[in-house]
Amino acid sequence: MKVRNFHFWGFFGSIIIILLLAAISYPWYYPSKMWLHRVDSLEKYNEIGEKYPGIEVDVVLRDSGIPDITHDEDTTFGITLDEYFEELTTTEQHIWIDVKNLTEDNADDWLAWLEENTAEDNIDKDRIILESKNWQTLAKFTNAGWYTSCYIDLDKPSHLSKEEIIHYTDSLEQIANSKCVKALSFPFWWYRSIKNIWIAI
């Protein structure tokens, strides 16, 4: 799946498809868009992960930018991202890397690790999406040619007032216009509100 040439706002559609197809009707209409979520063990990958065009993994950065495959900072299973890269060398799969603790302090080490290990395993940048809530720091990766996405973790619009929704959508527009990231990713319940932003633009 090629995503790098999409217009910034137009890419929302692809991001939404990837995130939503498990939740909306008739996901089997789009098998090439179905990515497997939270493939945080090689056992899960080897069992069913190879059937999908893309997988999503959770990463916590340890010392020197070493990416530990885990969802929670206080938990480790002793698996690092390079083990996944070795698996991907024999496929054309894409990988969505959700970095849980990206900061200015660990970004340079993580970027260096990423550049070195993808080159070593001959994995093209266009097979990878880098995601974090820290959209300002993602700018380093965007500027280095990586496809980046800011994860928007907000309460459901149905739980918010109209004023709160306007405030949040204004914030999302600010992130988009910053050019720090290539895309936004978000739970499906924000689709309608965010769609209205990009229609207005």
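Counting begins at 1 with the first residue of the sequence. Only a predicted model underlies this, so the values are computations on that prediction, with no experimental measurement involved.
- With sequence neighbours left out, T76 forms a side-chain hydrogen bond (donor to acceptor under 3.5 Å, both in side chains) with D68.
- With hydrogens and angles disregarded, no donor-acceptor distance shorter than 3.5 Å links the side chain of R127 to the backbone of I95.
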### Task
Quick one: do K51 and Q93 satisfy side chain to side chain contact (heavy atoms under 4.5 Å, CB included)? Show the steps, please.
CA-CA 9 Å; K51 301 175 182 179; Q93 280 182 304; over 6 Å; no
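- By the rule that hydrophobic residues join a cluster once side-chain heavy atoms approach within less than 4.5 Å of another member, I55 and I48 end up as members of one cluster.
- T75 and T70 form no side-chain donor-acceptor contact under 3.5 Å, judged by distance and modelled atom types alone.
- Sorted by first and then second residue, the salt bridge (Lys or Arg N to Asp or Glu O under 4.0 Å) pairs involving residues 72-99 (not counting sequence neighbours) are D98-K100.
- When all heavy atoms are compared, the tightest approach of Y151 to P187 is OH-CG, 3.7 Å.
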### Query
Under the side chain to side chain contact (heavy atoms under 4.5 Å, CB included) criterion, do W110 and I97 qualify, and how do the steps go?
CA-CA 12 Å; W110 165 226; I97 305 170; 4.3 Å; yes
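- In this structure, NZ in K133 is found 10.0 Å from CD1 in I152, a value given to the nearest 0.5 Å.
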### Task
Using the side chain to side chain contact (heavy atoms under 4.5 Å, CB included) rule, take I128 and W146 through it: C-alpha gap first, then chi angles, then the decisive distance, then the call.
CA-CA 8 Å; I128 295 175; W146 295 91; 3.7 Å; yes
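- Heavy atoms only, all atoms of each residue included: V39 and L36 are closest at CG2-O, 3.5 Å.
- Under 3.5 Å, the side chains of E131 and S149 contain no donor-acceptor pair of N or O atoms.
- Each of T103, D109, V99 was checked for a side chain to side chain contact (heavy atoms under 4.5 Å, CB included) with L61, and the lone residue meeting it is V99.
- V60 and L42 are assigned to two separate hydrophobic clusters, defined by single-linkage of ILVMFWY side chains at heavy-atom distances under 4.5 Å.
- Judged by distance alone, the side chain of E56 and the main-chain N or O of R38 form a donor-acceptor pair under 3.5 Å.
- For the atom pair Y52 OH and H37 NE2, the distance stands at 12.5 Å (nearest 0.5 Å).
- Between the side chain of N134 and the main chain of L102, a donor-acceptor pair closer than 3.5 Å is present.
- The shortest non-hydrogen separation linking F141 to T137 is CD1-O, 3.8 Å.
- Clustering ILVMFWY residues whenever any of their side-chain heavy atoms sit less than 4.5 angstrom apart, transitively, puts L114 in the very cluster that holds I69.
- Atoms CG and CG, on L81 and D58 in that order, are 11.5 Å from each other to the nearest 0.5 Å.
- Proximity of a side-chain donor or acceptor of T148 to a complementary backbone N or O of K182 within less than 3.5 Å is detected.
- Closest approach of P53 to M34, counting heavy atoms only: CD-O, 3.1 Å.
- Rounding to the nearest 0.5 Å gives a distance of 12.0 Å between CG of L88 and CG of N122.
- The CG atom of N177 sits 8.5 Å away from atom CD of Q174, with the distance rounded to the nearest 0.5 Å.
- W96 and W35 have perpendicular rings, their planes meeting at more than 60° on a 0 to 90° scale where under 30° would count as parallel.
- When the side-chain contact (heavy atoms from CB on, under 4.5 Å) test is applied to E163, the partners found at least two apart in sequence or on another chain are S161.
- Closest approach of W135 to C180, counting heavy atoms only: O-CB, 3.4 Å.
- Looking only at distances, a side-chain donor or acceptor of Y84 sits under 3.5 Å from a matching main-chain atom of S41.
- Of the inter-residue distances, the one linking H94 atom NE2 with Y147 atom OH reads 11.5 Å to the nearest 0.5 angstrom.
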